[in-house]
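Single-structure report; data block below.
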Amino acid sequence: MAYEPRRGDSLNKRLLAALGAAAVALSLAACSGEGAGSGTDTANQAPTDLTIGVSMPTQTSERWIADGNSVKEKLTAKGYKVDLQYAGDDIPTQSQQVDQMITQGADVLIIAAIDGTALSSQLQAAADKKIPVISYDRLIRDSKNVDFYVSFDNYKVGVAQATALLVGLGVLNKDGSEGTAKGPLNVELFAGSLDDNNAHFFFDGAMDTLKPFIDKGTLVVKSKQTSIEQAATLRWQQETAQKRMEDLLTSSYNDGAKVAGVLSPYDGLSRGIITALQNAGYKGKMPVVTGQDAEIASVKLINDGVQSSTVFKDTRLLAEQAVTAAEAFLKKATPEANDTKTYDNGVKVVPSYLLPVETVYKDDIQKSLIDSGYWTADEVKAGQAK
Ligand code: GAL
């Protein structure tokens with residue numbers, strides 16, 4: 001690819017470009033990678049000479065838009081160049097975007113993968129050019145070339161969702177003590193996309209928490225669909241969750257039985273589930289539906305008493321961690337991990353920085369989401385981000 005001088009390119013890069021026609025330059029490019037790449041001495045380069053590639057899965061979910069914006073803003077404020085791309089939940093598009101970031105000289109990659117197993121060859125290309133790779137929120141699997149992982153405590157997210165289901169049903173009180181509801185209560189279970197490593201952590205955490213209550217008959221999964229494969233929702237699609245909930249209502253609740261609660265691992269799915277329930281005639285006091293991500297449309301539903309809870313993961317803090325890790329790599333240092341045991345990606349345990357999570361019920365919206373500046377009161381009222 002022809003070199004086009006860009007503002008902020010290092011003197012080295014400009015000199016190299018001047019030699020560009022010569023074979024010697026070609027061979028240099030072959031050893032150290034085209035563009036800056038982390039094969040170069042990034043520790044001594046100004047942020048304006050460095051590019052961070054940020055690959056996000058989709059813009060159909062507002063959380064990833066917030067993540068992308070936060071990462072970009074924080075990096076730009078420090079002077080870095082940012083190449084932010086969304087892949088429209090299409091695996092080949094994400095592979096191509098990451099390939100392009102590498103050939104265009106990214107110095108660090110921050111990637112939230114669509115399919116955690118689909119980026120091995122891109123990551124090998126990055127490793128060949130010594131470009132560090134940070135896995136963002138979703139662990140990239142089956143590759144030794146994942147250098148760091150920033151996420152939340154995903155097992156605890158599942159525990160929090162199951163606990164919120166039990167609290168919503170009155171089986172437990174918020175303080176963890178036994179509630180007044182004794183059951184049997186009909187519940188249905190939803191999981192995320194099987195190609196997303198997180199989906200397994202969420203479901204494991206939830207099932208470890210719910211199983212004792214299922215075993216003693218307090219909770220009844222009337223459809224008997226209790227495995228993650230049965231509960232899974234490909235690509236976390238709202239419509240897919242709505243369709244499955246409709247099918248469950250038709251197949252298992254046509255005898256007049258009522259759904260008391262639904263375990264949902266993500267707000268988008270929760271909205272699909274709620275639509276299916278409402279279309280089937282549920283109104284007023286709705287079944288207890290959980291969630292995750294504090295998406296604004298769902299925060300409104302919680303505020304209106306339609307959805308029961310969500311698990312809030314502050315994407316601003318996650319973005320901050322990703323930026324901290326990226327800067328550490330650029331300075332040729334090792335980013336600080338707070339977990340070096342949990343996230344085995346099938347080839348190695350990836351050093352991780354995990355952030356805490358928080359359950360939000362209606363009563364918590366003011367303190368957790370509005371006072372913290374995550375959403376404004378107006379946004380909550382409207383159910384839309386400004
Ligand atoms: C997961 C993520 C969740 C949710 C979901 C759907 O990987 O951890 O917070 O956003 O994807 O986008």
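What you see is a predicted model; the values in this text were computed from it and never measured. In listed order, ligands and their atoms are each counted from 1.
For Asp339 (side chain) and Leu354 (main-chain N/O), no donor-acceptor pair under 3.5 Å exists by modelled atom type. Under a 3.5 Å cut-off, the side chain of Glu188 and the backbone N or O of Ser223 do form a donor-acceptor pair. Checking side-chain atoms of Glu62 against main-chain N and O of Ala385 turns up no donor-acceptor pair under 3.5 Å. Although no hydrogens or angles enter the test, the distance criterion places no donor-acceptor pair under 3.5 Å between the side chain of Thr315 and the main chain of Leu318. A donor-acceptor pair under 3.5 Å is formed between the side chain of Trp375 and the backbone N or O of Ala294.
Residue, atom and distance of the protein heavy atom nearest to atom 10 (O) of ligand 1 are Asp293 OD2, 2.6 Å. Protein heavy atom closest to atom 11 (O) of ligand 1, with residue, atom name and distance, is Arg138 NH2, 2.9 Å.
Relative to the ring axis of Tyr80, Lys74 does not place its NZ or CZ within 45° and under 6.0 Å from the centre.
Between Asp196 and ligand 1, at least one pair of N/O atoms sits closer than 3.5 Å. Here's the thing with Asn198: one of its N/O atoms is less than 3.5 angstrom from an N/O atom of ligand 1.
Here Phe202 has side-chain heavy atoms under 4.0 Å from ligand 1, and that is the only part of it that gets that close. With a heavy-atom cut-off of 4.0 Å, Val157 does not touch ligand 1 at all. Contacts between Phe152 and ligand 1, counted as non-hydrogen atom pairs separated by less than 4.0 Å, are absent for every part of the residue.
Of all atoms in ligand 1, listed by their number and element, those nearer than 4.0 Å to a heavy atom of Lys313 are 2 (C), 3 (C), 8 (O), 9 (O). Near Asp137, meaning under 4.0 Å from one of its heavy atoms, ligand 1 places the atoms 2 (C), 8 (O).
Of the candidates Trp64, Tyr266, Trp236, the one placing a heavy atom closest to atom 12 (O) of ligand 1 is Trp64.
Using modelled atom types and a 3.5 Å distance limit, the side chains of Asp115 and Gln94 yield no donor-acceptor pair.
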